[in-house]
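It should be emphasised that the depicted structure is a prediction, and the values quoted were computed from it without experimental measurement.
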Number of protein chains: 2
Amino acid sequence: MTLHASMGRLGLTHPVFQAPIGSIASPELAAAVSNTGGLGHLACTWRSPDQLRALFAAMAGLTSRPYGANFVLDFPIDERLDVALAHGVRLISFFWGDGGRHVARVKAAGAVAVQVIGSIEEAKRAADAGFDLIVAQGREAGGHVRGSLGTMTLVPQVVDAVSPLPVLAGGGIVDRRGVAAAEALGASGVWVGTRFLAAAEANIHPRYQELVLASCGDDTLYSELFDGGWPNAPLRTLKTATTRNWEAAGRPSAPNRPGEGEIVAQRSDGSGVPRYFFSSPTRDVSGDVEAMALYVGEGVGLVHSREAASVIVAELATGFRETAPAKVAE
Amino acid sequence: MTLHASMGRLGLTHPVFQAPIGSIASPELAAAVSNTGGLGHLACTWRSPDQLRALFAAMAGLTSRPYGANFVLDFPIDERLDVALAHGVRLISFFWGDGGRHVARVKAAGAVAVQVIGSIEEAKRAADAGFDLIVAQGREAGGHVRGSLGTMTLVPQVVDAVSPLPVLAGGGIVDRRGVAAAEALGASGVWVGTRFLAAAEANIHPRYQELVLASCGDDTLYSELFDGGWPNAPLRTLKTATTRNWEAAGRPSAPNRPGEGEIVAQRSDGSGVPRYFFSSPTRDVSGDVEAMALYVGEGVGLVHSREAASVIVAELATGFRETAPAKVAE
């Protein structure tokens, strides 16, 4: 694997990007990935500007390597983006919509501008908008799924559509086989979420992590069920009693779903998590954590053990035809 | 690519299997694929036993190499299977259900027994039933789609579940990049449909073939819309005026869909094709062929030109790490 210029500029050793897996993506996880030569990533949409400042300060103590900040465009992100850029975050990624209007600002701050897309059409639009890097998210992905095409077909069609812009393959890339497949399809790197749910550094509830290790692709559900806080956005989660009861009831719409409005779990600040809310259980949650949204990708059956993030990055990197030290194309 | 024993037994040069793409899979197409060292395939479910006898007789005049006969288990196939085995067809594949009860008969006739699956669970069942070869069909596939997982995640999880049984990757494999990706995921070969829609030998209506060459993955629709003749079976087709009108009407169920019951095209025998019928337009059809079910896979944007099947097989074969003459594992 020859590192594309935009990734060489970041000083990456391996084009292994940890996807911004919500609050599960702790600073410890992101820093460990970056320190191993990949790119760690923080989800910055649902944290307040003050929380973000504290988060970036924590990162400064954990790594001197670049990392990414992700923003979901269904939410107000302008002030948060300013905070990230002011702190010198080196890569900014946008999901769920067209981040084109932010490209100039990101580039002016010296950061790499990344757009996650879910269709060939969205990829073309992102290329036209001047993004440095495109992430092609296939339908295999865990959590919120932007488009309908699988990684196997989305990646090469996007590569052809935006060439010579580099494309990362996201969705279903879990082990070195997936990395090798992504490279064969023309991807310049990989964007991996589910595998990092099993990282020792992940801020994931132990029961959720146990279920990740015990499940396979057949156990995942693509639906719009967990719509509290983020409506009209399909996502992939584990099948659980909550999803099975909903399916058994004939997949009713809100507010007619079983147990609608119940509080199923509590956060450490004492706030309750209603059934069908979109967030997934972090370590601090107590209660019926299995009733929450347990985001996983279809490749979950390829995740077999809890490991340090550095071990995960190193194993994934062996999937590329050439490994470290990678060359940089200019 | 080292050919697995079951494929070496068939005398294949390349583990490139032409998927049984309905009536589009003419004897000329299947024979050309087999004559190039791949495996041609005939759809045998919707032809009468007498038509099958004529078909196999035609094949005998076109190739001395092995080819396959496919059977869809939502239809009565026992007598048809007898005809295929009596004619010495060397590979029998089953789709849409569990063909386990036919395995002993197929093997007793000396044929290779193949099961197409759409989930990890179905793959395990097929392995337990004694099949020689498993085809993992990802959701990217064109035509009828058995399961919900993408090829990128289905293949490695199935490979792990049924090892050392060989697994073919189907769904989204269109060019040499897809072949290389399939091999990287652990597949022992590929099962390709959409690419062969552009074969010169395909029995495909010219307008349908034109649309295949002009479309991309974003233009495909996964639905149960074309349910006439084969209900409750999701399939992937091109988006057309018929699918758009149905979506614009709010995706109503039968019999409340726009134009329900209209005859949209005619076959050469004078019979009419009703709107929402499941068959796709062969060369002999006249009328509004675009209103029929235009099966394509998500990778349709990777199909750029009409070519001889031999050229397609040869190009696909270059995707394997080692090409002809392939070694045979015993």
Looking at A:Met152, A:Glu121, A:Gln157, which has the largest count of heavy-atom pairs under 4.5 Å with chain B?
A:Gln157
Counting heavy-atom pairs under 4.5 angstrom with chain B, the leader among A:Val155, A:Asp160, A:Val159 is A:Asp160
I need the residue from B:Gly217, B:Ala180, B:Gly172, B:Gly301 with the largest number of non-hydrogen atom pairs under 4.5 Å to chain A.
B:Gly217
Check whether B:Asp218 reaches the backbone of A:Ser119 with its side chain - one donor and one acceptor, N or O, closer than 3.5 Å.
no
Hey, could you give me the CD1/CG distance between B:Ile120 and A:Asp219, rounded to the nearest 0.5 Å?
7.5 Å
Taking atom CD of B:Glu140 and atom OG1 of A:Thr151, what is their separation to the nearest 0.5 Å?
7.5 Å
Within this structure, what is the CG-CD distance for the pair A:Leu149 and B:Glu298, rounded to the nearest 0.5 Å?
4.5 Å
Show the numbers, then the answer: is there a side chain to side chain contact (heavy atoms under 4.5 Å, CB included) between B:Thr153 and A:Val174?
CA-CA 8 Å; B:Thr153 58; A:Val174 179; 5.6 Å; no
Against chain B, work out which of A:Gly138, A:Pro156, A:Gly178 has the most heavy-atom pairs shorter than 4.5 Å and name it.
A:Pro156
